[in-house]
Novice: 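Next up is a structure, given as structure tokens.
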Number of protein chains: 2
Amino acid sequence: MKVNIKRVAQEANVSISTVSRVLNSPELVSPEKRQRVLQVIQELNYQASELARGLSSKKTQTIGVIIPRVTSFFFNELYRGIDVAVKEFGMNILLYDCDSNLERTTHGFTFLVRRQVEGIIYASQFITEELYTFISRLGVPVILALTESFNRKLTAFKVDEVRAAFDAVSYLIARGHHRIAMISGPLDNFVAGKTRYEGYRMALNQHNLPFLDDCVAFGGYRYEDGHRAMRELLEKRNDTQFTALFAASDEMAIGAMRCAFDHGLSVPQDISIIGFDNLSIANMVTPKLTTVSQPFEQIGFEAVRTLIRAISGDIHESDSSNHYLPHQIIERESVASRAIEEVAAADER
Amino acid sequence: MKVNIKRVAQEANVSISTVSRVLNSPELVSPEKRQRVLQVIQELNYQASELARGLSSKKTQTIGVIIPRVTSFFFNELYRGIDVAVKEFGMNILLYDCDSNLERTTHGFTFLVRRQVEGIIYASQFITEELYTFISRLGVPVILALTESFNRKLTAFKVDEVRAAFDAVSYLIARGHHRIAMISGPLDNFVAGKTRYEGYRMALNQHNLPFLDDCVAFGGYRYEDGHRAMRELLEKRNDTQFTALFAASDEMAIGAMRCAFDHGLSVPQDISIIGFDNLSIANMVTPKLTTVSQPFEQIGFEAVRTLIRAISGDIHESDSSNHYLPHQIIERESVASRAIEEVAAADER
DNA sequence: CTGTTAGCGCTTTCAT
DNA sequence: ATGAAAGCGCTAACAG
């Protein structure tokens, strides 16, 4: 016979409310009965049904997390922060992998809502107007991590992408590089594509460096994309003469590094490379990749903290907006400074 | 007012059973009413509560997955296979990160059972007798992936670790390496530690090669462990004279590779290295890592398939055991063949 | 084809 | 401090 609350109550010779009480507010039960019930629970290996619990109490102690792909490297790092915060607040996680695809994204939201999550952390694609409308009707608070919404009405935690890219390129410029190529993400990606590209152009502009179409290639953030894009860039290098490269992701930076190697070029002696993300692999390649670090863990943590606050009801309107967390340039081995004479000589030509 | 099945029924002027029917077996409802109900559902943006559904029907269409750490690299690859299979069977996933820790592992099982998952895929630590007893009392089928149980009574999908390690080392031997070092996992790890170590010793034995204590170092599978272990190995290399290394994980192999580089040694010219796992990073480092591939995706897929079969009830006792999936050596750039003369000359000494 | 009704396993008043 | 009873939102006979 199945073991449910009723069964436990019978065996312990108490009412089911008493059993419920020892589970939820033991201090309301006499020590003696409490002991007895606990004993029976132990013996029967009773596991209260969270379904029934949630249905009855309207609380599930669970938050939903929507991510683009479990296989995206950054997810690992983000998850750590989410996990820490969730445990700290005694909540649980329901994860949904939306595969970076709109249909699965909306399905993800309903999947979670139907399971009565109390709030949702969304860490996938840019939120368009259409998706925003959809989310508004959900009835549960949603916090964005590593992404943002078209009108910025949804609270978001991320780095200032434009600024971070600007800083990365400026870093290269400060080290004497005046011809800088870029491997960008797709420009129709408003989170990490267009933004990082703009940061690149702004930095060039700021330092009165010319922008060359032939110095930019595009890719989908993966290793192979970086390798292919670099090949395109290298083909025109006789004209462009670039000495440094800014890649919109670590994976692409590493792919580009390999491509350079395949062409007999060495990094950073011949070409300096800076990446973006500071994934753990950035530290595993040789040369170790200099890159822009995103505080993934902190972003996950803050997002959860804010979500929990929103669930508790004390959400201030002023919170609704983008929160920028500090990025940082991690200096490793893939960028070299050019000697002053070298710079001068090259500029003279 | 909240929108539940009752509300939908009222607005559509039908009974709640009719609403329930259009959701679960629409063919039993007249087209006219069906339309009307669907319409209302749409307008009200009604989302059926999966909690109530599961509670009432005893079916949740959900399987639980317990993994050691989301941040473990292999999880990404395994998850892909699980995800594919789960979607194919119209199920859903509840993920639990047990952090490779016993307390959280048991908590994970109860967490999932309380949420009425219909079965569980377990992909974490070795199942001890104690844990086995615990699992047996759970009442839901459990399938193992990438791990196994002390008595092999639980159906498991994995590679034959001993054999795979044996093959890796034999591969090195066949390429003329007679002094082979190993960076092993902890020997009290019965899944990937002791097994791979044994495979190493068996291969040495088989080929009448001496086993040297100074040719083995240990680490916890991570990059840093590999780097440190390699340093230990290198310190004794004057005596041991090893020309090749077998690492029990790709991360450790890459760490070792870097360590060699730091000591002015080049791979594979001075030292050949073979890893284990074939993670995506193995293909991103230079030289690309030769390694033993585990069919993670296939393992995930098969595990789910078998689990679903077990849930449906058609489980054959004969299924309960270890299923070994084929491993494979992926030849890349980190292993060199030694010239015959070189081998002969060295052996003469 | 459709509606009525009795649960599913738990929480939560409301009495006592 | 404890129990009885009314739901929570849904499914699943059962009757018509």
Novice: For a quick test of reading the model, state the closest non-hydrogen atom pair linking Y132(A) to K153(A) and the distance between them.
Specialist: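 Closest heavy-atom pair between Y132(A) and K153(A): OH-CB, 3.3 Å.
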Novice: Could you go through the side chain to side chain contact (heavy atoms under 4.5 Å, CB included) check for L23(A) and R53(A) one step at a time?
Specialist: CA-CA 11 Å; L23(A) 257 32; R53(A) 255 187 156 184; 4.2 Å; yes
Novice: Any side-chain N or O of S15(A) less than 4.0 Å from the OP1 or OP2 oxygen of dG3(D)?
Specialist: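 Checking dG3(D) against S15(A), a side-chain N or O does come within under 4.0 Å of OP1 or OP2.
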Novice: Looking at A52(B), is its backbone amide N or carbonyl O close enough to the side chain of S49(B) to form a donor-acceptor pair, meaning the two atoms are under 3.5 Å apart?
Specialist: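 Present.
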Novice: At under 4.0 Å between heavy atoms, what does S20(A) touch on the DNA or RNA strands: base, sugar-phosphate, or nothing?
Specialist: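 Base contact - S20(A) has a heavy atom under 4.0 Å of at least one base atom.
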Novice: Will you find, in the side chains of S17(A) and S20(A), an N or O donor that is under 3.5 Å from an N or O acceptor?
Specialist: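 The criterion, which ignores hydrogens and geometry beyond distance, is not satisfied for S20(A) and S17(A).
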Novice: Considering only heavy atoms of chain B and a distance under 4.0 Å, specify the first and last nucleotide of DNA chain C in 5' to 3' order that meet this criterion.
Specialist: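 Both ends considered, the range comes out as dC1(C) to dG9(C).
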Novice: What is the bend of the helix from dC1(C)-dG16(D) to dT16(C)-dA1(D) when you compare the axis at one end with the axis at the other, using five pairs each and rounding to 10°?
Specialist: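 Roughly 40°, once rounded to the nearest ten degrees.
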Novice: Just wondering, more than 12 heavy atoms not from E43(B) lying within 6.0 Å of its CD?
Specialist: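 Above 12, so yes.
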Novice: Does atom CD of E27(A) have more than 12 heavy-atom neighbours, drawn from other residues, nucleotides or ligands, at distances under 6.0 Å?
Specialist: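 Count over threshold, so yes.
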Novice: N24(B) side chain: which of dT11(D), dG3(D), dG9(D) is closest?
Specialist: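 Of all the options, the side chain of N24(B) is nearest to dT11(D).
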Novice: With a 4.0 Å heavy-atom cut-off, tell me which residues in residues 30-48 of chain B come close to DNA chain C, sorted by residue number.
Specialist: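 Within this stretch, S30(B), K33(B) sit under 4.0 Å of the strand.
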Novice: Would you name the heavy atoms of V191(B) and L146(B) that are closest together and state the gap between them?
Specialist: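 Looking at all heavy atoms of both residues, the shortest contact is CG1-O, 3.4 Å.
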Novice: What is the distance from atom NZ of K2(B) to atom NZ of K58(A), rounded to the nearest 0.5 Å?
Specialist: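 Spacing of NZ (K2(B)) from NZ (K58(A)) equals 7.0 Å.
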Novice: May I have the distance from L55(B) (atom CG) to dA12(D) (atom P), rounded to whole angstrom?
Specialist: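 Rounded to whole Å, this separation is 12 Å.
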Novice: Mind running side chain to side chain contact (heavy atoms under 4.5 Å, CB included) on F301(A) and E88(A) for me, showing each step along the way?
Specialist: CA-CA 10 Å; F301(A) 187 90; E88(A) 188 170 317; 3.7 Å; yes
Novice: Scan for ring pair (Phe, Tyr, Trp, His ring centres under 6.0 Å) pairs involving residues 84-104 of chain B, sequence neighbours excluded, and state none if there are none.
Specialist: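 Sorted result for residues 84-104 of chain B: Y96(B)-H107(B), Y96(B)-F111(B).
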Novice: In this structure, which one of L94(A), V65(A), L95(A) forms a side-chain contact (heavy atoms from CB on, under 4.5 Å) with L95(B)?
Specialist: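 Answer to the side-chain contact (heavy atoms from CB on, under 4.5 Å) test with L95(B) among L94(A), V65(A), L95(A): L95(A).
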Novice: Could you pull out all donor-acceptor pairs under 3.5 Å where a side-chain atom in residues 117-125 of chain B meets a protein atom, sequence neighbours excluded?
Specialist:
unit_1	atom_1	unit_2	atom_2	d
E118(B)	OE2	T60(B)	N	2.7
E118(B)	OE2	Q61(B)	N	2.7
Y122(B)	OH	Q125(B)	N	3.2
Y122(B)	OH	Q125(B)	O	2.8
Q125(B)	NE2	S100(B)	O	3.4

Novice: Whole Å only: how far is the CZ atom of R115(A) from the P atom of dG9(D)?
Specialist: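 After rounding, the reported distance stands at 17 Å.
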Novice: Contact class for K59(A) vs. all strands (heavy atom < 4.0 Å): base, sugar-phosphate, or nothing?
Specialist: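 It contacts nothing in the nucleic acid.
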Novice: Would you indicate what V19(A) reaches in the nucleic acid, counting non-hydrogen atoms under 4.0 angstrom: base, sugar-phosphate, or nothing?
Specialist: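 Result for V19(A) = nothing.
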Novice: Strictly by modelled atom types, are Q35(A) and Q39(A) linked by a side-chain donor-acceptor pair under 3.5 Å?
Specialist: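 The answer is no; no qualifying pair exists.
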Novice: Find the distance I16(A):CD1 to dG3(D):P and express it as a whole number of Å.
Specialist: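 That distance rounds to 11 Å.
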Novice: L51(B) CG to dC10(D) P: how many Å, rounded?
Specialist: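 Result: 10 Å.
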Novice: Could you tell me how far apart L23(B) (CG) and dT11(D) (P) are, to the nearest whole angstrom?
Specialist: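 Rounded to the whole Å, the gap is 6 Å.
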Novice: Of R53(B) and A52(A), whose closest DNA chain D nucleotide lies nearer the 5' terminus?
Specialist: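 First, find each residue's nearest nucleotide; the 5'-ward one identifies A52(A).
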Novice: Collect all protein-nucleotide pairs involving nucleotides 13-16 of chain D in which both atoms are nitrogen or oxygen and the distance is under 3.5 Å.
Specialist:
none

Novice: Distance only, no hydrogens: is a donor on one side chain within 3.5 Å (strictly under) of an acceptor on the other, for T133(A) and S136(A)?
Specialist: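 Absent: no donor and acceptor within the cut-off.
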